[in-house]
Each structure stands twice: as structure tokens, then as C-alpha cells.
J.: 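Just passing along the structure, written as C-alpha cells.
Counting starts at 1 for both ligands and their atoms, in listed order. For clarity, every value in this text was computed on a predicted model and none was experimentally measured. Values reported hereafter were calculated over all heavy atoms of this structure, with side chains retained and with hydrogens, waters and symmetry mates removed.
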Amino acid sequence: MTNQFITLQQIDEAADSIRARTSYKPRVGLILGSGLNALADSVRDAVIIPYADLPHWPRSTVQGHVGRLVIGVLEGQPVLVMQGRVHFYEGYSMAQVTLPVRVMTRLGIPMLFVTNAAGGINPEFVPGDVMLITDNLNLIGMAGANPLMGPNIDELGPRFPDMSRSYDPDLMQIARNVAAENKISLREGVYCGLSGPSFETPADLRFLRLAGADAVGMSTVPEVIVARHGGMRVLGFSGISNKANLDGSTITTHEEVMEAGKVITPKIETIIRGVLRAL
Ligand code: HPA
């Protein structure tokens, strides 16, 4: 693959291009996953930058991913919202997939909130549930696709970063409190990141369950690794869009994933707004 690794210069060119368009100094970067774009519409006084206008920025090719940055104010906090992300399965390198998070670290954004649509592997989960991500299984990285492969950019972080607390305990506790105050039942569990784009076989899913996964999806983990490498504090939510098909009795479709987003978005929005207010 050409352009496999991203240089600090490329990251800084993208960061400079954002700085040139807005004087906001975002405190939180927010990545909205499949079917969860609506939250960006609540951002006030927004500066909108299509991904196509930013140098080196990968463009999403997936239906349901809008493909623009919305920078403005949400619950009194300056935020940078990614309305749509790119995925490894679209053919981008891991470095390209995670360039936006690299740029966030260079912009000095201290926190990353990630959301995704995921299949529920935990048998208690039902479509429409929201899961607080307490940890992740980096299967895609174990298989050799880690976004930090290649020359380490020492200005961004260490060669061998710790991942023992990928998801920030304090932010998680705020999220639990906000969910409880709003009577939203918040599931918790381990998110497993795979490459996709094919959904899992029943045997894949039984294996993932045994390995300790509660939900499975095709994103997030590389972004979280890069965020932690760059010292950001991370909070993550999975919207459970479908029940993973452990016995082969049902099929999973992208349409179902998008549809579930309509139920999930208001819950995730309430929690994220509450966390922003509490910061
Ligand atoms: N598997 C993988 N990714 C997903 C799923 C799933 O069942 N649902 C939404 N994203």
C-alpha cells in the first residue's frame, strides 16, 4: 500500500489547516459512528469543514458516514466533532485511519469521546442498548495491524505506550452517573475491534464470546490506541445495533445497523451532553 505511514509534517499540515479556519480550541474530540451522526446537529456556532478540504485527511466512503468536521460548542464546551470516520476495510492504512486522532493530539485536544455501532455478543444485550466501553480486545492489532507500526513519531508519544487504562476511569464514572440520573440503562463491557467489512460467522462470534468480548465492531480500537499514545483521555460508547448471530439463526445487515442508530442516538447524546456539562 502506498503512503502507508503518515509523517509529522502531514499531521501538522492538516492541523494547521483546521487552525486557519477556526479560533476554537476544542477540549473534546468526538467521533460519531454509523447511524450516530445526528449529535453533530446540536453543536452551536459551528464551523463546518468537509474532510475533502483538509490535506491528507481520509474520506469516508460508507453510507451513513457524512464526512465532515463540525467544530463549535456543545453544553458550553468547545468540541471538534467528526461526523463520520474512515475504516481499515475501506482500504486505508492504519496510519491514515487514525490521522484525525493524531491531528487532535497536535491541536492539543485533551479528551477523545468515541462512539460506534456494534453487534451485541453478550447474551443480555439487546438492539438499542448503549454499552460503556470499559476495555477493548485488539484482535485486529494482534493480527498485525496496529496503527503505531512504522517509525515512532517521538513528538507524539513513546514507542511502547501503556494500554492498561485505555478508557479513563474518571470519565467512565461521570458517564455512569449521568446515565443513572437520566434513567438510561447503561451496559458495560469489552469492545472487540475487527477489520470487517464482512460480518462475523457464528464460529467467529462464539470464539469472541469465549475470548471475553461483549460487543464487536469494525472501528474504534485503532483510534483509541493513537489517542492513548498521544496522552488523550478516552471515553467510549457502543450502540448495540444488532444481536450477534452466535447460532446462525439470524442475519446481520448494514440497514439494521443504521436503523438502530435512531434509538441509540438520543441515549448517547444525553450521556455525552451530561458528561460535557460535568467536565
Ligand atoms: N459485527 C461487526 N460490526 C458491527 C456489527 C456486527 O454485528 N454491528 C454493527 N457493527
J.: Given that the side chain starts at C-beta and the backbone is N, CA, C, O, which of these parts of A244 lies under 4.0 Å from ligand 1, counting heavy atoms, or is it both or neither?
T.: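 Contact part for A244 vs ligand 1: neither.
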J.: So, taking the atom named CG in L235 and the one named OG1 in T115, what distance separates them when rounded to the nearest 0.5 Å?
T.: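 The OG1 atom of T115 is 10.5 Å from CG of L235, to the nearest 0.5 Å.
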J.: Can you see which heavy atom on I109 is nearest to which on P26, and at what distance?
T.: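 In terms of heavy atoms, the two residues are closest at CG1-O, 3.6 Å.
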J.: Testing the basics here: between W57 and A14, what is the closest heavy-atom pair and its distance to 0.1 Å?
T.: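 Of all heavy-atom pairs spanning W57 and A14, the closest is CE3-CB, 4.2 Å.
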J.: Is E155 salt-bridged to R106, going by a charged N under 4.0 Å from an acidic O?
T.: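 No, this pair does not count.
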J.: Measure the distance from atom 1 (N) of ligand 1 to every protein heavy atom, then report the residue, atom name and distance (to 0.1 Å) of the closest one.
T.: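 Scanning the protein heavy atoms, the shortest distance from atom 1 (N) of ligand 1 goes to E200 OE1, 2.8 Å.
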J.: For atom 3 (N) of ligand 1, which protein heavy atom lies nearest, and how many Å away is it?
T.: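 Nearest neighbour among protein heavy atoms for atom 3 (N) of ligand 1, to 0.1 Å: G217 CA, 3.4 Å.
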J.: Distance under 4.0 Å to a non-hydrogen atom of M218: what atoms of ligand 1 satisfy this?
T.: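 That gives atoms 2 (C), 3 (N) of ligand 1.
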J.: Of the protein's non-hydrogen atoms, which lies at the shortest distance from atom 9 (C) of ligand 1, and what is that distance?
T.: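 Scanning the protein heavy atoms, the shortest distance from atom 9 (C) of ligand 1 goes to S241 OG, 3.3 Å.
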J.: Among all protein heavy atoms, pick out the one at the shortest distance from atom 5 (C) of ligand 1; state its residue, atom name and that distance to 0.1 Å.
T.: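 So the nearest neighbour among protein heavy atoms is G119 N, 3.4 Å.
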J.: N177 vs Q173, test: side-chain hydrogen bond (donor to acceptor under 3.5 Å, both in side chains). Steps then yes/no.
T.: CA-CA 6 Å; N177 296 345; Q173 193 51 46; 3.1 Å; yes
J.: CG/L137 to CG/L194 distance, rounded to the nearest 0.5 angstrom?
T.: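 L137 CG to L194 CG: 9.0 Å, rounded to 0.5 Å.
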J.: Where's the contact between N242 and ligand 1, heavy-atom distance under 4.0 Å: side chain, backbone, both or neither?
T.: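 Near ligand 1, N242 shows its side chain, while the N, CA, C and O stay back.
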J.: Closest non-hydrogen protein atom to atom 10 (N) of ligand 1, residue and atom name please, with distance?
T.: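 Closest protein heavy atom to atom 10 (N) of ligand 1: A117 O, 3.3 Å.
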J.: So is there a nitrogen or oxygen of F199 less than 3.5 Å from a nitrogen or oxygen in ligand 1?
T.: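 So ligand 1 has no N or O lying under 3.5 Å from an N or O of F199.
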J.: Taking the side chain from D16 and the backbone from E13, do they hold a donor-acceptor pair closer than 3.5 Å?
T.: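 No; judged by distance alone, with no hydrogens or angles, the pair does not exist.
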J.: Distance to 0.1 Å, residue and atom name: give those for the protein heavy atom nearest to atom 4 (C) of ligand 1.
T.: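 Answer for atom 4 (C) of ligand 1: V216 O, 3.7 Å.
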